[in-house]
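Accompanying notes for the structure given below.
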Amino acid sequence: MMSHVLKANWIHTSTVEEWLESMVLGSCLNVCCGMSKIGDVRIDRRPETNRTEIGDLFKLNYPSMSFDTVIC
């Protein structure tokens, strides 16, 4: 398995985080969240992120329509 490193240029700026947060309606799922703190549920594979759950973009354990907003 190839090792991946979170790169600083992948992290949203505070301006982008504020804009994303302003767009969220209702419950929010943030997939591949990285260092973002936006979302009721934040999923990422890497432990060094701000995830609330370990997970994979291609293997989500939520049925369709579980969240009002999805950030990916």
Side-chain angles (χ1 to χ4, degrees):
M1 180 179 192
M2 182 183 283
S3 176
H4 297 281
V5 176
L6 180 65
K7 298 187 185 222
N9 62 346
W10 295 346
I11 298 172
H12 297 148
T13 64
S14 59
T15 303
V16 171
E17 283 283 287
E18 289 170 12
W19 179 80
L20 280 171
E21 192 166 30
S22 75
M23 295 287 107
V24 171
L25 300 173
S27 61
C28 179
L29 170 65
N30 189 344
V31 183
C32 304
C33 66
M35 296 307 291
S36 179
K37 293 184 179 179
I38 298 171
D40 302 300
V41 175
R42 296 184 303 276
I43 295 177
D44 208 301
R45 291 179 16 184
R46 297 177 314 256
E48 69 275 11
T49 63
N50 279 323
R51 71 184 187 196
T52 58
E53 295 182 16
I54 189 168
D56 186 288
L57 168 65
F58 299 106
K59 298 176 187 171
L60 297 176
N61 294 320
Y62 294 97
S64 181
M65 306 303 287
S66 293
F67 297 90
D68 300 308
T69 302
V70 176
I71 299 170
C72 181

* Asked: Ignoring hydrogens and geometry, is there a side-chain-to-backbone donor-acceptor pair from S36 to C33 under 3.5 Å?
  -> no
OG1 of T69 to CD of E21, rounded to nearest 0.5 Å, is 11.5 Å
d(C28 SG, I71 CD1) to nearest 0.5 Å is 4.0 Å
Shortest non-hydrogen pair, C72 vs L57, comes out as SG-CD1, 3.5 Å
Under a side-chain separation threshold of 4.5 Å, the hydrophobic residues clustered together with L25 are none
Rounded to the nearest 0.5 angstrom, the CG-CG distance for L29 and D68 is 11.0 Å
So the side chain to side chain donor-acceptor pair (under 3.5 Å) pairs with at least one residue in residues 50-60 (sequence neighbours excluded) are E53-Y62
Heavy-atom nearest pair, K37 first then E17, reads N-OE1, 3.6 Å
For I54, the other hydrophobic cluster members (4.5 Å side-chain criterion, sorted by chain and number) are none
Is M23 linked to V70 within one hydrophobic cluster, defined over Ile, Leu, Val, Met, Phe, Trp and Tyr using a side-chain heavy-atom separation of less than 4.5 Å?
-> no
request  = State whether the side chain of S27 and the backbone N or O of F67 hold a donor-acceptor pair below 3.5 Å, judged by distance alone.
outcome  = no
CZ (R46) and CE (M35) are apart, to the nearest 0.5 Å, by 9.5 Å
Distance col, row I43:CD1 vs L60:CG, nearest 0.5 angstrom, shows 5.0 Å
